Amino acid sequence: MRRGVRFTIPNRYGHFLQEILNTIPIEQYQWSVVDEESYIVENGELNRLLFPDSTIIDGHQFAELLTQHEHYLIFVDIKAFQSDMSSEIVTYEDFLQSTCEFALLVTDSQDVTMYCKDPQMLNSLYENAALHGFGDITYITSHNDSMTRLSCW
């Protein structure tokens with residue numbers, strides 16, 4: 001069974017979160033951002049944190065952040081919920097039992113891992129990654145999933 005998708009993005013400034021999530025109805029979710037070191041880029045330089053605090057962001061604010069600001073991702077742990085946010089998600093089993101719809105992890109500025117409960121959405125995330133020319137795209141399955149924690153750290 002497919003659990004998610006893994007790929008790499010270029011290690012440079014850009015609008016990568018917007019590109020990664022452009023097939024997702026961002027406004028329909030509440031976004032939980034924890035463990036983050038990602039910066040807004042202004043005048044070609046890192047300025048301030050993209051998400052200043054570990055926080056919950058509504059879909060409209062989240063979409064605004066992604067479209068209005070070029071950013072540089074070092075690491076970030078983002079989870080999307082349509083309803084009440086459940087308890088902390090540490091493992092894949094926690095994810096399955098939670099109200100979280102999908103999780104997005106970026107580590108080392110270029111390694112992207114996404115877990116998604118909806119098979120159609122997962123396929124669209126895979127196709128979107130290919131459309132944007134991201135590298136080393138692969139589905140995550142129970143056979144090749146080496147992550148023991150669904151967080152950056």
Side-chain angles (χ1 to χ4, degrees), residues 2-81 85-95 98 100-117 121-122 124-141 144-153:
R2 292 179 178 163
R3 296 179 172 190
V5 63
R6 184 177 294 127
F7 53 90
T8 59
I9 58 175
N11 186 0
R12 63 174 189 249
Y13 303 161
H15 290 271
F16 292 110
L17 287 176
Q18 180 185 11
E19 292 172 11
I20 291 167
L21 296 172
N22 72 359
T23 62
I24 305 293
I26 292 172
E27 293 84 9
Q28 292 180 11
Y29 294 98
Q30 294 292 316
W31 298 85
S32 169
V33 180
V34 296
D35 292 337
E36 180 254 351
E37 186 179 2
S38 300
Y39 295 93
I40 290 175
V41 176
E42 290 182 350
N43 300 319
E45 294 186 13
L46 302 182
N47 187 331
R48 64 186 188 279
L49 288 174
L50 181 59
F51 307 103
D53 299 309
S54 295
T55 190
I56 305 303
I57 304 171
D58 79 40
H60 296 288
Q61 290 174 318
F62 190 76
E64 228 175 76
L65 274 174
L66 302 188
T67 57
Q68 291 185 354
H69 301 289
E70 185 177 43
H71 50 267
Y72 181 65
L73 306 171
I74 296 173
F75 64 86
V76 67
D77 178 340
I78 302 172
K79 294 182 177 71
F81 299 81
M85 300 201 190
S86 53
S87 60
E88 184 179 13
I89 299 169
V90 177
T91 66
Y92 182 71
E93 288 70 29
D94 294 340
F95 170 70
S98 75
C100 182
E101 296 290 321
F102 60 89
L104 166 63
L105 309 170
V106 178
T107 55
D108 296 333
S109 300
Q110 60 189 14
D111 297 323
V112 177
T113 304
M114 296 184 74
Y115 289 89
C116 182
K117 290 180 180 174
M121 185 183 291
L122 179 57
S124 97
L125 291 167
Y126 183 98
E127 291 169 7
N128 182 60
L131 180 69
H132 281 90
F134 299 146
D136 303 321
I137 306 165
T138 185
Y139 279 109
I140 301 167
T141 67
N144 70 1
D145 193 356
S146 59
M147 291 188 69
T148 57
R149 297 179 56 87
L150 291 186
S151 64
C152 290
W153 303 111

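We use all heavy atoms of the structure for the numbers below, so side chains are in, but hydrogens, waters and symmetry mates are not. The structure displayed is predicted, hence computed values, not measured ones.
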If you draw a 6.0 Å radius around CD in Gln68, do more than 12 non-hydrogen atoms from other residues or ligands fall strictly inside? yes
[X] versus [Y]: any side-chain heavy-atom pair under 4.5 Å?
| X | Y | result |
| --- | --- | --- |
| Phe95 | Lys117 | yes |
| Leu50 | Leu17 | yes |
| Phe134 | Thr8 | no |
| Val41 | His15 | no |
| Leu46 | Tyr13 | yes |
| Leu125 | Ile24 | yes |
| Val106 | Phe16 | no |

For the residue pair [X] and [Y], what are the closest heavy atoms and their distance?
| X | Y | answer |
| --- | --- | --- |
| Met114 | Ile140 | O-CD1, 4.0 Å |
| Lys79 | Cys100 | CB-SG, 3.7 Å |
| Ser98 | Ile89 | OG-CD1, 3.4 Å |
| Ile56 | Gln30 | CG2-OE1, 3.8 Å |
| His69 | His71 | O-ND1, 3.2 Å |
| Asn11 | Ser109 | OD1-CB, 3.4 Å |

[atom2] on [Y] to [atom1] on [X], rounded to 0.5 Å:
| X | Y | atom1 | atom2 | value |
| --- | --- | --- | --- | --- |
| Arg48 | Phe51 | CZ | CZ | 12.0 Å |
| Ser38 | Ile78 | OG | CD1 | 7.0 Å |
| Thr113 | Asp77 | OG1 | CG | 10.5 Å |
| Ile20 | Ile9 | CD1 | CD1 | 4.5 Å |
| Leu104 | Phe102 | CG | CZ | 7.5 Å |
| Ile26 | Glu64 | CD1 | CD | 12.0 Å |

With Glu70, which residues qualify under salt bridge (charged side-chain N to carboxylate O under 4.0 Å, His left out), at least two apart?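 Glu70 satisfies salt bridge (charged side-chain N to carboxylate O under 4.0 Å, His left out) with no other residue.
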Mind jotting down which residue pairs meet the side-chain hydrogen bond (donor to acceptor under 3.5 Å, both in side chains) criterion with at least one end in residues 16-29? Sequence neighbours excluded, please.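 Matches after skipping sequence neighbours: Asn22-Asn128, Thr23-Ser124.
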Looking only at atom types and distance, does a side-chain atom of Trp31 sit under 3.5 Å from a main-chain N or O of Gln61, one as donor and one as acceptor?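 No; zero donor-acceptor contacts below 3.5 Å.
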